[in-house]
Amino acid sequence: MKENVDGFGPNTLHRGFTPKVVIAALILIPLNVFWIIQLEVVRYTHPTLIHPLSNVIFILFWLMVLSAMLSAFSKHLRLSGAELLTLYVILCIVSSLCSHDMMEILVTILGHPFRFATPENEWAQLFWKELPTWLTVQDASVLSGYYEGNSTFYEKAHLRAWAGPAAWWTLFILVLMGVMLCINTLLRLQWTERERLTYPIIQLPLAMTEGQTSFFKNKLMWIGFSIAAGISILNLLNSIYPAVPYLPIKRQNIHQYFTGRPWNAMGGVRLSFYPFAIGISYLIPLDLLFSCWVFYWLYKFELMGGSIIGVRSLPGFPYADAQALGAYLALLGSAAWIGRSHLRYIAACMRDSGADMRHEPMPYRIAILGIVVGMLFLTVFSYQAGMSLWVIPLFFGIYFLLATMIARLRAELGFLVHDLHQIDPHGTLVTLFGTQRLTPGTKAVFSLYMFFNRAYRAHPMPQQLEAFKIAERRQINPRHTVAAVFFATAIGAVVVFWLLLDSYYRHGAETGYYGPWALGFGRGVYRQLENWLNYPQGTDVPALAFVGGGCAFAVGMMVLRTRFLWWPLHPLGYAMANSWGMYNLWSCIFVAWIAKALVLHQGGLKAYRRTVPLFLGLALGDYLCGSLWSIGSIIANTTLYQFWP
């Protein structure tokens, strides 16, 4: 197959991972990581919790502007569409690694128990010996500068103490990402080309980099952009001059309207009208939009009904996380059943050494081998860290099942936030077996692994799958995409360690410079470990029953959808009903559903396609202006209007 940078045609694969991309990435990765740290660690605003990532969209836009300016001097300086999208993928991966739900947690938990052990909490006696020295930082003199500040990371003792744990965790993350890449390789053809899932999250970067820049010539796009920018500018002025009116689009509690019984049992309701959320949600399939907000309110009525009949007093009721886990398992099982012919195709390709794998990120044989070798490494790593051997395959089996489900959720639903709080491998294993059957070493490793299992809002696996979809849509060589992901992971992990540690040693994790999670992550992780060790618990039978109930309910809805074409509810809405994302964005989903339903009813599919740029413009305007204000906040060292959260 012909491969060329700027060639066109059905048999052409464009080069994405080029020397220009490498140079640009090496410049942009540290800037991007510094920006995220300033927003999430210092100022407690969280751009990596929503998708598409606002910081990456902002950088992509200005890269396009810079590329257009440089092309006036030399066409060789211009970044092609394939190169721009590859940089987009690289920055998305790095942002996910740096995020509030991954390495920002990891750095803060490596020394926490050795700094904050006291005679009262008895951490030294409880679990110090269970924490591996090669994965943590235990030297009090090294940690004093980290927590107190006015020091430097570049002292020999500091560098030596952190180098070992940082190297091991970087290798661990590389292997974890490699296994995800191999799984995505096996899933890509079925989900991307056969089932043709919609991938709403990538539509904005694809539209921005579309040939001939038709997106930026669309009048409706600029109308949407102007609406979002106008709202953002007005609220920015309000943050500087309070006399200027404020347009309340950010999340706000309306608990005051639900104070009487039984309404107060609903647990609080929030309203929000973020332009970017409405704009991206407009791309979600109509039945999924409807299901999301309907099941959100059904969940609220479930809470209220439980209060009325007196079962809210039962511990854990209504076991919403257990119900969601059951629903996710049913959805994943359904996807596997639908794709069973693809599994046979993979097996046939494995037997046929001459099978054409040119359009795949890697040959299926390499992908299977990568999964086996990766799992072997994770097993040895976890066993050496202290986890029981029988627990390891269960832990990572659950983790990769959940990761696959999140990738599927993003590809099919495209909801902006997928948190899955309390739905994780360690929580599932504690529910199944209790804490009594788990060794102290196993529970200690669970705590260290919390850095990639606390929540899944910035999970990297859907980023990888979307990167493969981008490569398919823009005819980018998928092998270049794989190389870009590994490059981003290796460089990104090192840069995140470097910049976080440099910042903490300069300012001090215990000082008021940082937001609440500089210490909060470690506090939460090790208090949970303390509770596991001090208060053993058995199997949570009611939770298992609700897992089964959630699974059965989701299966029932899937059967109804296959039997009755008019059935409007999708089980994905049920699975996400109690999530943090739905709690904050259900009203944006509702507005997008009304808008999309009206457009389709009045003008059909043709009208919907014409209006898509209007809603993408809403998202772009909100992202660009909001990102500018966040940079202004860093430069001025003050709090300006933050468009999210």
**Request:** Please name the residue in the list Thr428, Thr431, Asn578 that meets the side-chain hydrogen bond (donor to acceptor under 3.5 Å, both in side chains) test with Asp321.
**Result:** Asn578
**Request:** May I ask you to check whether Phe377 and Phe172 place their ring centers less than 6.0 Å from one another?
**Result:** no
**Message:** With rounding to the nearest 0.5 angstrom, report the CG to CG distance, Leu325 to Leu544.
**Reply:** 9.5 Å
**Message:** Counting the benzene-type ring for Trp, do Tyr623 and Phe58 have ring centres under 6.0 Å apart?
**Reply:** no
**Arg609 atom CZ, over 12 foreign heavy atoms within 6.0 Å** = no
**Message:** A quick test of your reading: do over 12 heavy atoms of other residues, nucleotides or ligands sit less than 6.0 Å from CZ of Arg340?
**Reply:** yes
**Request:** Quick one: closest heavy-atom pair of Lys596 and Ile284, and the distance?
**Result:** NZ-O, 2.6 Å
**Prompt:** So does Arg479 pair up with Glu360, basic N to acidic O under 4.0 Å?
**Reply:** no
**Asked** For Glu472 and Thr192, does a side-chain donor sit closer than 3.5 Å to a side-chain acceptor?
**Response** no
**Ring centre gap for Trp191 and Phe468 strictly below 6.0 Å** = no
**Prompt:** OG of Ser99 to CZ of Arg457: how many Å apart, nearest 0.5 Å?
**Reply:** 8.5 Å
**Proximity of Phe446 and Phe395 rings by center, below 6.0 Å** = yes
**Item:** Value rounded to 0.5 Å, distance of CZ in Phe452 from OG in Ser96
**Value:** 15.0 Å
**Request:** Look only at the side chain of His480 and the backbone of His14, and say whether a donor-acceptor pair between them is shorter than 3.5 Å.
**Result:** no
**Message:** So does Ser80 get a backbone contact from the side chain of Glu83, meaning a donor-acceptor N/O pair under 3.5 Å?
**Reply:** yes
**Request:** Would you indicate whether Tyr383, at its atom OH, is surrounded by more than 12 heavy atoms from other residues, nucleotides or ligands within a distance under 6.0 Å?
**Result:** no
**Prompt:** Can you tell me if CH2 on Trp337 sees more than 12 non-hydrogen neighbours from other groups inside 6.0 Å?
**Reply:** no
**Prompt:** With no hydrogens and no angle check, is any side-chain donor or acceptor of Asn218 less than 3.5 Å from a backbone partner on Ser214?
**Reply:** no
**Spacing of CG belonging to Leu97 relative to OG1 belonging to Thr48, to within rounding of 0.5 Å** = 11.0 Å
**Asked** Can we call the ring centroids of Tyr449 and Tyr399 under 6.0 Å apart?
**Response** no
**Message:** Give me the atom names and distance for the closest heavy-atom approach of Phe295 to Ala577.
**Reply:** O-CB, 3.4 Å
**Inter-residue atom distance Arg561.CZ - His570.NE2, 0.5 Å rounding** = 4.5 Å
**Message:** Do Thr209 and Tyr88 pair up side chain to side chain, a donor and an acceptor below 3.5 Å, judged on atom types alone?
**Reply:** no
**Asked** Are side-chain N/O atoms of His418 and Arg410 paired as donor and acceptor at under 3.5 Å?
**Response** yes
**Fill in**
So CG of Leu394 and CD1 of Ile398: to nearest 0.5 Å the spacing works out to 6.0 Å
**Request:** Taking all heavy atoms of Leu402 and all of Ile423, pick out the closest pair and write down the distance.
**Result:** CD1-O, 3.6 Å
**Request:** Measure the shortest side-chain to side-chain distance between Tyr296 and Phe590 over non-hydrogen atoms and say whether it is less than 4.5 angstrom.
**Result:** no
**Message:** Looking only at side-chain N and O atoms, does Tyr199 offer a donor or acceptor that is under 3.5 Å from a partner on Glu412?
**Reply:** no
**Prompt:** Does the ring centre of Tyr583 sit less than 6.0 Å away from the ring centre of Trp586?
**Reply:** no
